[in-house]
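Only one structure is covered here, and it is reproduced in the block below.
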Amino acid sequence: MDKYDHKRIDSKWQEIWSSKGLYQTKDEKDKPKYYVLDMFPYPSGAGLHVGHPKGFIATDILARLKMLQGFNVLHPMGWDAFGLPAENYALKNKLHPKESTDKNIATFKSQLKKIGFTYDWEREINTTDPEYYKWTQWTFLKMYEKGLAYESHEPINWCPSCKTGLAQEDLEDGKCERCGSEIERKPMRQWVLRITEYADRLLNDLDKLEGWEDSIKEMQRNWIGRSEGAEVSFKIKKQKAKSKNENCHSEGAQATEESNASISSQTSDQASGELKVFTTRPDTLFGCTYCVVAPENQTILNLESSISNWNEINDYIKKTKKKSDLERTDLNKDKSGVRIEGIMAVNPADGEEVPIFVADYVLPNYGTGAIMAVPAHDERDFEFATKRNEELRNKNEELIGIRCVVSPKDNREHLRLVGNTPEEDSQKILEEIHRGERCYFWKGENINSDFLNGLETDEAKKKMIEWLEEKGVGKGKVNYKLNDWVFSRQRYWGEPIPIVHCPVCSTVAVPEDQLPIELPQVENYEPTGTGESPLAGIDEWVNTTCPKCSGPAKRETNTMPQWAGSSWYYLRYIDPKNDKALVDKDKEAYWSPVDFYVGGAEHATRHLIYARFWHKFLYDIGVVNYEEPFTNLQHVGLIMAEDGRKMSKRWGNVINPDDIVEKYGADALRVYEMFMGPFGQSVSWSTNGLEGARRFLDRVWNLSDKIYEKMEETERELHKTIKKVGEDIAEFKFNTAISQMMIFVNKAVDLGVDKDIFEKFLIVLAPFAPHIAEELWEKTGHKDSIFKEEWPKFDPEMIKEEEIDLVVQVNGKLRDTIKVPADISEEEAKKIALASKR
RNA sequence: GGGCAUGUGGCGGAACUGGUAGACGCGUACGACUCAAAAUCGUAUGGGAGCAAUCCCAUGAGGGUUCGAUUCCCUCCUUGCCCACCA
C-alpha cells in the first residue's frame with residue numbers, strides 16, 4: 001500500500017476546499033450561528049513563527065467541530081496593520097509602510113494557508129484600508145459629538161525614540177512598550193477619549209462574563225482600580241508668624257499634643273485658596289498632620305505670591321521634571337519633598353492648621369494630585385514624616401506629628417489577618433503607634449477623633465462623609481486608576497483624526513459624508529519629534545476649508561493609535577463590504593456577539609479594555625444590540641523554543657511553520673501543537689514530540705488498510721472517544737482529546753476495526769487533522785467532503801462500564817480489589833466488601 | 001510590596017464533584033525484522049527490598065480534617081505572569 005504522503009494530500013485538499021468555497025460563510029439565518037474569532041495579527045516583517053498559529057489551530061478545530069455539529073460558522077481573519085510596529089519596521093527597511101505592510105500580509109497569508117484553516121478569505125479585512133478606517137473615523141466623530149473625545153493639554157507620556165505621545169497602556173515599567181526607551185512627561189496638545197466615563201460599566205459588567213477566565217477579569221479589575229473615598233477641601237491660609245511652637249524641640253508625640261491643644265485656635269488671616277485632596281480613609285481625617293501636593297499640581301503655582309520660599313519650591317519642581325518616571329517611582333528611593341513656607345492648610349474637621357509639602361511621592365494624575373497625610377495610618381506618609389523629622393530634629397525645628405486615631409481591635413483573629421504575630425497584642429501596637437514608631441493602616445476603632453470616637457472604620461468613613469457633605473467641605477468620591485485614553489500619535493502610519501482646525505470656528509468635526517479622510521501619500525514619513533506628525537509637512541493635505549464657514553482651515557495632523565482599528569474589527573467581519581454602515585443591523589443581530597475569542601494574555605488590559613469600551617459606546621448609539629462583545633475568552637500559552645527561551649531572531653531559535661509543514665505535514669503540526677500541553681500554558685517546542693504526533697497519523701493511515709470486522713471492545717472505545725473529544729474541544733482541553741484518540745487507535749490496531757467504526761473515528765479526527773481525514777474519507781468511498789457529515793452521536797450504553805474495580809480499604813490500607821457491577825448500591829458494596837474481607 | 005497562577009517519573013503532562021497516582025506522548029533499555037543501519041513492530045520503564053507472590057516509600061516542605069488527600073483547610077517555600085508610591 002501507499003504511504004501517507006502529506007505533501008500531496010495537504011495541497012490536494014487545500015485546493016479542493018478553496019475551489020469549492022467550502023468555508024465561505026453565508027448568512028443562512030435559519031441555522032444557529034457560531035462566531036469563532038482569533039485576535040488578528042499585525043503583519044510584522046519577520047513572518048510567522050511556530051508559536052503564532054497555536055491559537056489559530058485551536059479556533060480552527062472549534063470551528064470545524066461546530067460545522068460538523070450543524071452550526072453556521074463564522075471564522076474570519078484579517079490584519080491589524082496600522083501602528084508603530086509596522087511603521088518602525090518600514091522605517092528600518094527603508095520602505096513605505098504601505099508597501100512593507102502589503103508584502104508582509106502576503107507572507108503571513110501564504111504561511112497561514114499552508115496550515116489548512118477554515119478562514120473565509122472573502123471577509124478578510126485590513127485596518128489600513130480606507131474603506132475600513134472610514135468607520136474607525138466615523139466612530140471617533142460620534143464620540144466627539146457625544147463629548148467623549150476631547151482635546152487636552154495635560155502632560156502625557158512621550159517616547160523620545162518613537163517620537164510620539166503614548167497612552168498609559170503603552171508603557172511597561174515606565175518604559176516604551178515598543179522600543180524600551182525611558183518615557184518623558186511632556187505637556188502637549190492631544191486627543192483623549194473619555195474612557196473613564198465607562199469605568200463603572202467596564203468594571204461591573206465583568207461579573208456577567210462567565211465565559212472569561214478569572215485571571216483576565218481580575219487583571220481588568222486591577223487596571224480599572226476603583227476606590228471609594230472622599231474628596232476633602234482644605235482652606236489655605238497665610239501662615240502666622242512663628243509662634244509658640246518655636247521653643248518646642250520635643251519628641252513627635254509631645255509635639256502632637258501641643259498641636260492638639262491648638263485645635264480650636266481660630267485665626268483671622270485671610271483664606272487665600274483651597275486645596276482639594278482625595279482619600280480612601282476619610283475616617284482618619286483627625287489624624288492628618290500635614291498635606292502634600294504633587295509638584296505638577298496647579299494649586300501651588302497659583303499661590304506663588306503667598307509662598308515665601310518660592311525659589312526652593314521651584315527648584316524642586318524642576319528637579320522632579322528631570323527625573324524619569326522610573327526614577328520617580330523607584331520605591332527604594334528615599335521620599336524627597338520640600339515644605340511650602342508662608343501658607344498653611346486648614347483641616348476642615350477640627351480647624352487645625354497643618355503644613356503643606358511638595359513631594360513627588362504624590363502622583364499628579366491620580367485623584368486631585370494632592371493628599372492629606374496621616375502618618376500614623378499610612379505607610380508612605382509615615383515614611384515621609386519619619387524622614388523629615390530626622391532632618392527637623394537636627395535643625396531643632398518643630399516636628400511633624402504622628403497622631404494615632406485608629407486603634408487596632410483587640411482580637412486575635414483580626415491581628416493575625418493584618419500580619420502581626422499572635423504574640424503581639426493590640427495594646428502593644430497601640431503604644432508603638434502612639435510613640436510614632438510604626439504605622440497601622442488596617443481597620444480598627446476610632447480614637448482621638450471627636451464625633452467619630454468609638455466607631456469602627458467602615459462606620460466612621462460613612463459618618464465622616466456625611467459630616468463633610470453637610471458642612472459643604474467635602475463629598476464622597478470614587479476614583480479610578482484608569483486614565484482617559486490618550487488617543488493621538490504624532491506618527492504617519494495611523495488613521496487621520498477627522499477634525500479641522502479653523503481660525504474662526506476653532507475645532508470642527510469633518511462631516512460624515514466626507515469620510516474617509518485618507519492618509520496622503522508622502523515622501524518623508526519619518527516622525528518629526530516636534531510634537532507634530534509628519535502629516536503637518538504636507539501643505540496640500542493640511543490646508544483645507546472649514547466645513548462650517550468655508551474659510552481656510554487646517555486639518556488635524558495627529559493620527560490614531562494602533563488600538564483604534566482593533567477595537568471594533570470583529571464587527572466588520574460580519575459585514576465587511578458595507579459602505580452604508582459600520583455593520584448592517586440584521587446581520588449584526590444574527591452574528592453578534594463573538595461566541596469564542598482566543599488570543600494572547602498580553603492584551604488583557606489593552607485591546608480587551610479598549611474593545612469593550614468601544615463596543616459599549618456603539619451599543620449606546622444603537623449600532624450593536626448587545627453590551628459585551630466577547631462571550632467566551634481564552635488565552636493562548638506561548639510556545640517557547642527548544643532551549644526554553646522565547647523564540648526570537650536574536651537567539652537564532654525561531655522555527656518557521658513552513659518548514660514543519662513541508663517536512664511533517666500540516667496535520668502533524670496541528671496535532672502536535674494541540675498535544676504539547678494545556679492550551680493556556682507556555683511550553684517548549686520539542687521536535688521529538690512533533691515526531692510522535694506524526695507517528696500517530698501514520699498509524700491512522702496504516703489502519704485504513706486493516707479494516708476487517710466489528711470488535712465490541714473497539715466500538716466501546718469509539719463511543720468514549722466521541723464523547724470525550726466533543727467535550728474536551730469545548731473546554732479547550734485538546735491535549736486530553738488527542739490522548740483519547742491515541743488510545744482508540746492503539747486499541748483499533750490491536751483488536752481490529754470495521755468500516756463503520758473507522759469512518760466515525762475519521763469524523764472525530766477531522767477537526768484536528770482535516771487533510772488526512774478528507775483523504776481517508778475519500779479512500780473509504782465517499783465523494784463529498786467529510787465536513788458535510790454530522791458529528792457522530794455516542795451511545796451512553798456503550799460507555800457504561802459493566803464492572804468496576806471496587807477498592808476495599810481498611811484504615812487506609814489496601815486490603816482487596818473486587819469486581820462489582822457498575823450500578824451497585826452503596827449498601828450492597830459494603831456487604832460484598834465485608835464478605836470478601838473474611 | 002499587592003494580585004493571579006504554579007509545583008506530580010529522566011522530560012511534556014493525565015487524574016471527573018476526595019476513591020488503586022503517573023493515562024497519553026517523548027526518551028531510554030531489551031527483543032523481532034535486516035548482511036547492517038534507519039524506519040516499523042513487540043516488551044519493559046517512579047524509587048527501594050525480594051527468586052517470587054508481595055511489601056515499603058513517593059504528587060514543593062511541614063501540620064490538620066478524613067476510613068481514604070495530587071485534590072479540602074492552615075503555615076512556609078519555588079517558579080512564572082500582571083500591576084506597582086493609586087493615598
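Residue numbering restarts at 1 for every chain, and letters A, B, ... go by the order of the sequence lines. Bear in mind the structure is a predicted one, so any value in this text is a computation, not a measurement.
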Determine, using ring centers only, whether A:Y597 and A:W212 are less than 6.0 Å apart. no
Name the nucleic acid region contacted by A:N746, choosing base, sugar-phosphate or nothing; use a 4.0 angstrom heavy-atom cut-off, strictly under. sugar-phosphate
Determine the Euclidean distance between corresponding P atoms of B:G46 and B:G22; express it in Å to zero decimal places. 10 Å
Does B:G46 fall in syn (glycosidic angle within 90° of 0) or anti? anti
What's A:E691 touching, base or sugar-phosphate or nothing? Going by heavy atoms closer than 4.0 Å. nothing
N/O (side chain, A:Y361) to phosphate O (OP1/OP2, B:A87) under 4.0 Å: no
Separation between the P atoms of B:U6 and B:A14, rounded to whole Å: 11 Å
Euclidean distance for C1', B:U17 against B:U71 (whole angstrom): 11 Å
Starting at atom NZ of A:K747, determine the distance to atom C1' of B:C24, rounded to an integer number of angstrom. 13 Å
Can you measure A:F675 atom CZ to B:C26 atom P for me and round it to whole angstrom units? 8 Å
Atom NZ of A:K663 to atom C1' of B:A39: distance rounded to whole Å? 14 Å
Tell me what A:T279 touches on the nucleic acid: a base, only sugar-phosphate, or nothing, going by heavy atoms under 4.0 Å. sugar-phosphate
With a 4.0 Å cut-off on heavy atoms, is A:N479 in touch with a base, just the backbone sugar-phosphate, or nothing at all? nothing
Between A:M742 and A:G677, just flag the one whose closest nucleotide in RNA chain B comes earlier from the 5' side. A:G677
What I want to check is whether an N or O donor and acceptor connect the side chain of A:K481 with the base of B:C83 at under 3.5 Å. no
d(NZ, A:K461; P, B:A87) in whole Å: 10 Å
Salt bridge (charged side-chain N to carboxylate O under 4.0 Å, His left out) partner of A:E717, the single match among A:K723, A:K747, A:K724: A:K747
Checking all strands, does A:R606 fall into the base, sugar-phosphate, or nothing category for heavy-atom contacts under 4.0 angstrom? nothing
Looking at every strand, decide which applies to A:S684 at a 4.0 Å heavy-atom threshold: base, sugar-phosphate, or nothing. nothing
Separation between the C1' atoms of B:A61 and B:G7, rounded to whole Å: 12 Å
Can you list the steps and then say if A:D170 with A:W563 is a side-chain hydrogen bond (donor to acceptor under 3.5 Å, both in side chains)? CA-CA 10 Å; A:D170 296 323; A:W563 310 106; 2.9 Å; yes
When you check the phosphate oxygens OP1 and OP2 of B:G25, does a side-chain N or O of A:N735 lie under 4.0 Å from one of them? no
Could you check whether A:K335 makes a cation-pi contact with A:Y361, meaning its NZ or CZ is under 6.0 Å from the centre of the six-membered ring and within 45° of the ring axis? yes
Let me spell it out: for each of A:D214 and A:V683, pick the nucleotide of RNA chain B with the closest heavy atom. Which residue's pick is nearer the 5' end? A:D214
If only side-chain N and O atoms of A:Q681 are considered, is one of them under 4.0 Å from the OP1 or OP2 phosphate oxygen of B:G80? no
From OH of A:Y4 across to C1' of B:A39 the rounded distance in Å is 17 Å
Show me the dot-bracket string of RNA chain B, counting Watson-Crick or G-U pairs under 3.5 Å, with | for pairs to another strand and [ ] for crossing ones. (((((.(..(((......[....)))((((((.......))))))((((....))))..(((((..]....)))))).)))))....
Looking only at atom P, what distance separates B:G12 and B:G60, rounded to whole Å? 14 Å
Could you go through A:R226 and A:N479, starting from their C-alpha distance and side-chain angles, then the distance that decides it, and tell me whether this counts as side-chain hydrogen bond (donor to acceptor under 3.5 Å, both in side chains)? CA-CA 6 Å; A:R226 181 181 201 272; A:N479 249 310; over 6 Å; no
B:C4 P sits how many Å from A:H635 NE2, rounded? 16 Å
Below 4.0 Å: OP1/OP2 of B:C4 and any side-chain N or O of A:R221: no
Nearest-Å distance once atom P is located in both B:G80 and B:G64: 32 Å
Selected nucleotide, minimal atom distance to A:T736 side chain, candidates B:C85, B:A14, B:A87: B:A14
Under 4.0 Å, heavy atoms only, any strand: does A:G367 hit a base, just the sugar-phosphate, or nothing? nothing
Whole-Å P distance, B:C16 and B:C73: 16 Å
Among A:T280, A:L285, A:T279, which residue meets the side-chain contact (heavy atoms from CB on, under 4.5 Å) test with A:P282? A:T279
Assess A:K54 against A:F679: is NZ or CZ under 6.0 Å from the centre of the six-membered ring, and within 45 degrees of the ring's axis? yes
To the nearest Å, how far apart are A:K387 NZ and B:C85 P? 18 Å
Evaluation steps, salt bridge (Lys or Arg N to Asp or Glu O under 4.0 Å), between A:D643 and A:R645: CA-CA 6 Å; A:D643 58 13; A:R645 292 188 289 199; 3.3 Å; yes
From C-beta outward on A:W223, which listed nucleotide comes closest to its side chain: B:A87, B:G13, B:C83? B:C83
OP1, OP2 of B:G12 versus side-chain N and O of A:N688: anything below 4.0 Å? no
For atom C1', what is the distance between B:C30 and B:G18, given to the nearest Å? 40 Å
Under 4.0 angstrom, heavy atoms only, what part of the nucleic acid is A:I743 near: base, sugar-phosphate, or nothing? sugar-phosphate
In terms of relative ring orientation, are A:F744 and A:F761 parallel, tilted or perpendicular, with 30° and 60° separating the classes? parallel
Side-chain N or O of A:S682 less than 4.0 angstrom from OP1 or OP2 on B:C81? no
Give a yes/no answer on whether the side chain of A:R695 brings an N or O atom under 4.0 Å of OP1 or OP2 in B:U40. yes
With the side chain defined as heavy atoms from C-beta on, A:T280 is closest, among B:C41, B:A14, B:A87, to B:A87
Between A:D360 (CG) and B:A84 (P), how many Å, whole number? 17 Å
Among the nucleotides B:A87, B:C83, B:G3, whichever has the atom closest to the side chain of A:N222 is B:G3
Working note: A:E169 + A:Y610, criterion side-chain hydrogen bond (donor to acceptor under 3.5 Å, both in side chains); need CA distance, chi angles, decisive distance, verdict. CA-CA 10 Å; A:E169 287 81 4; A:Y610 292 147; 2.7 Å; yes
Derivation of the ring pair (Phe, Tyr, Trp, His ring centres under 6.0 Å) call for A:F384 and A:F382: CA-CA 5 Å; A:F384 182 82; A:F382 178 78; over 10 Å; no
Which nucleotide sits closest to the side chain of A:S215: B:C24, B:C4, B:A15? B:C4
